[in-house]
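This structure is a prediction, so every number in the text was calculated from the model and none was measured. Position 1 is the first residue of the sequence, and the numbers go up from there.
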Amino acid sequence: MELDIIKSTDSEVAELIEKELERQRNTLELIASENFTSKAVMAACGTVLTNKYAEGKPHKRFYNGCENVDAIEELAQKRCCELFGVEHANVQPHSGAQANMAVFLYALKPGDTVLGMDLSNGGHLSHGSPVNFSGMYFNIVSYGVNENGEIDYEDVEKKALECKPKMIICGASNYSKIIDFKRFKEIADKVGAYLMADIAHIAALVATGEHPSPAEYADFVTTTTHKTLRGPRGGIVMCKQEHALGIDKAVFPGIQGGPLEHIIAAKAVALKEALKPEFKEYAKQIIKNAKALADSLMSNGMDIIGNGTENHLMTLDLRKYGKTGKDIANVLEEVGITANKNTVPNDPQSPFVTSGIRLGVPALTTRGLKEDDMKEVGEIIALAVLNSDDKEKLAQLRERSQKLCDKYPLY
Ligand code: DSN
């Protein structure tokens with residue numbers, strides 16, 4: 001940590017960073033989209049590369065002095081193509097939403113129809129939410145999930161045949177089943193639509209074969225780099241060679257200016273880590289840990305949408321206890337567990353209140369927790385739900401979660 005250097009210039013910011021480090025060390029992180037990068041990834045973010053402007057792409061920049069960032073960006077592209085088995089990768093998007101926006105800009109005209117997963121059913125803002133550019137400038141038709149939290153592919157096909165979308169989006173922010181990319185491709189082909197797969201959440205699982213890959217089916221594959229992939233905050237668009245030029249132009253100058261070469265360097269480092277055999281073990285452990293957590297919660301009487309999980313996350317359904325996601329997320333924070341409220345299928349509560357909690361294990365798996373530990377985490381969560389008004393019991397649970405934090409030190 002470079003905290004001492006920051007401290008000598010700005011003690012206020014340094015102190016807040018220090019507090020955040022302590023928060024991360026002393027809480028159990030179950031937000032499904034968060035993770036802990038390696039020190040190497042973090043160090044790359046804080047390098048002299050932040051000083052460099054490099055609009056354009058490697059060897060076709062608008063400014064001089066780009067030979068080093070060219071080589072770094074090419075390394076990131078090459079590693080990404082190798083890891084995901086794709087023909088082309090643009091590693092410049094500042095985020096997953098920017099990666100998705102670039103695909104929209106390249107593949108669609110304003111007003112075109114897009115079929116995407118509804119946000120409150122597990123989709124993403126940038127898959128057509130009315131409050132996002134995607135929902136404002138395009139005609140969005142949404143599909144959802146059934147009570148078991150599964151995509152109804154018949155329904156997706158029916159909707160596609162009715163609305164004839166120019167693009168279908170698959171991939172989600174809260175979906176605990178395997179996504180059938182082949183089936184989505186068949187539907188897209190029936191109506192002549194592009195297929196975009198947003199694998200932000202499951203990137204590590206896809207990269208390591210723990211989840212089927214969309215690479216051979218989707219025209220565009222987008223991801224973030226900071227979730228299961230364990231890199232810096234950022235996005236990537238992958239595509240077949242025929243779309244490479246158009247996607248590159250959509251990223252720059254279409255929606256972004258200068259790329260963040262320090263973050264691209266960190267992406268390169270993370271992608272190198274993800275190509276190592278240890279990363280395969282990490283992805284396997286994510287699956288085992290998620291299953292262990294779901295089993296522990298269910299054996300302690302909790303309802304999980306779909307009765308389990310096939311990936312890294314699950315949704316705890318609080319309806320039978322008459323409790324809300326908003327309240328329980330706060331209770332969990334009190335016992336040292338960070339998670340987010342989330343809607344359940346056909347949620348009677350608004351998205352600001354919700355009846356569910358999304359739980360994901362990538363960060364705790366990075367920290368080293370194994371199945372037995374997840375059993376304990378499941379018990380702590382269940383007891384917190386059942387005793388949410390009992391301050392004394394919650395204090396005891398806080399001690400139990402602190403024990404796990406102490407057993408697996410962070411940084
Ligand atoms: N905010 C992310 C998540 O939590 O899934 C999606 O962008």
Do the two ring centres, one from [X] and one from [Y], sit under 6.0 Å apart?
| X | Y | result |
| --- | --- | --- |
| Phe279 | Tyr282 | yes |
| Phe104 | Tyr137 | no |
| His88 | His243 | no |

[X], [atom1] atom: more than 12 neighbouring heavy atoms under 6.0 Å:
| X | atom1 | result |
| --- | --- | --- |
| Glu333 | CD | no |
| Lys60 | NZ | no |
| Glu12 | CD | no |
| Lys323 | NZ | yes |

Reported [atom1]-to-[atom2] distance for the pair [X] and [Y], which is rounded to 0.5 angstrom:
| X | Y | atom1 | atom2 | value |
| --- | --- | --- | --- | --- |
| Leu364 | Asn35 | CG | CG | 9.5 Å |
| Tyr194 | Leu108 | OH | CG | 8.5 Å |
| Lys240 | Ile247 | NZ | CD1 | 12.5 Å |
| Asn174 | Met314 | CG | CE | 10.5 Å |
| Lys341 | Leu332 | NZ | CG | 13.0 Å |
| Glu210 | Thr228 | CD | OG1 | 11.5 Å |

Do the side chains of [X] and [Y] get close enough for a salt bridge, i.e. N-O under 4.0 angstrom?
| X | Y | answer |
| --- | --- | --- |
| Glu20 | Arg23 | yes |
| Arg183 | Glu154 | yes |
| Glu261 | Arg61 | yes |
| Glu18 | Lys7 | yes |
| Glu278 | Arg230 | no |
| Arg25 | Glu22 | yes |
| Glu376 | Arg400 | yes |

Regarding [X] and [Y], do their side chains bring together a donor and an acceptor under 3.5 Å, going by distance alone?
| X | Y | answer |
| --- | --- | --- |
| Thr365 | Asn289 | yes |
| Ser355 | Asp347 | yes |
| Asn330 | Glu334 | no |

Next item on the list: Go through Arg358 and Ile31 one step at a time and tell me if the side chain to side chain contact (heavy atoms under 4.5 Å, CB included) criterion holds.
Entry: CA-CA 7 Å; Arg358 186 183 66 164; Ile31 292 179; 4.0 Å; yes
Just by distance, do the side chain of [X] and the backbone of [Y] share a donor-acceptor pair under 3.5 Å?
| X | Y | answer |
| --- | --- | --- |
| Asp406 | Lys403 | no |
| Arg367 | Leu28 | no |
| His262 | Leu49 | no |

Note to self: As a quick check of understanding, evaluate side-chain hydrogen bond (donor to acceptor under 3.5 Å, both in side chains) for Asp198 and His127, giving each step before the final call.
What the structure shows: CA-CA 9 Å; Asp198 179 343; His127 297 181; 2.8 Å; yes
Next item on the list: Check step by step if side chain to side chain contact (heavy atoms under 4.5 Å, CB included) holds for Asp112 and Met167.
Entry: CA-CA 9 Å; Asp112 279 348; Met167 184 162 84; over 6 Å; no
Checklist line | Intermediate values then yes/no, side chain to side chain contact (heavy atoms under 4.5 Å, CB included), Tyr321 and Ile328 | finding: CA-CA 11 Å; Tyr321 296 109; Ile328 294 300; over 6 Å; no
Check: Of Glu371, Met374, Lys375, Met302, which is the lone residue that meets side-chain contact (heavy atoms from CB on, under 4.5 Å) with Ser296?
Finding: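 When Glu371, Met374, Lys375, Met302 are each tested with Ser296, the side-chain contact (heavy atoms from CB on, under 4.5 Å) holds only for Lys375.
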For [X] against [Y], the heavy-atom pair lying closest together:
| X | Y | result |
| --- | --- | --- |
| Leu161 | Val191 | CD2-CG1, 3.9 Å |
| Val237 | Ala99 | CG2-O, 3.5 Å |
| Arg319 | Pro348 | CD-CD, 4.0 Å |
| Gly111 | Asn139 | O-CB, 3.7 Å |
| Ile202 | His312 | CG2-CE1, 3.9 Å |
| Ala207 | Phe84 | CB-CE2, 3.8 Å |

Item checked: With sequence neighbours excluded, residues passing ring-ring contact (aromatic ring centres under 6.0 Å, His included) with Tyr63 ->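 Tyr63 satisfies ring-ring contact (aromatic ring centres under 6.0 Å, His included) with Tyr53 only.
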Which side-chain N or O atoms in residues 211-218 pair as donor and acceptor under 3.5 Å with protein atoms at least two apart or in another chain?
residue, atom, partner, partner atom, Å
His211, NE2, Ile179, N, 3.0
Ser213, OG, Ala215, N, 2.9

Next item on the list: For the pair Lys284 and Thr208, evaluate side chain to side chain contact (heavy atoms under 4.5 Å, CB included) and give the outcome as yes or no after the intermediate values.
Entry: CA-CA 8 Å; Lys284 271 191 205 312; Thr208 54; over 6 Å; no
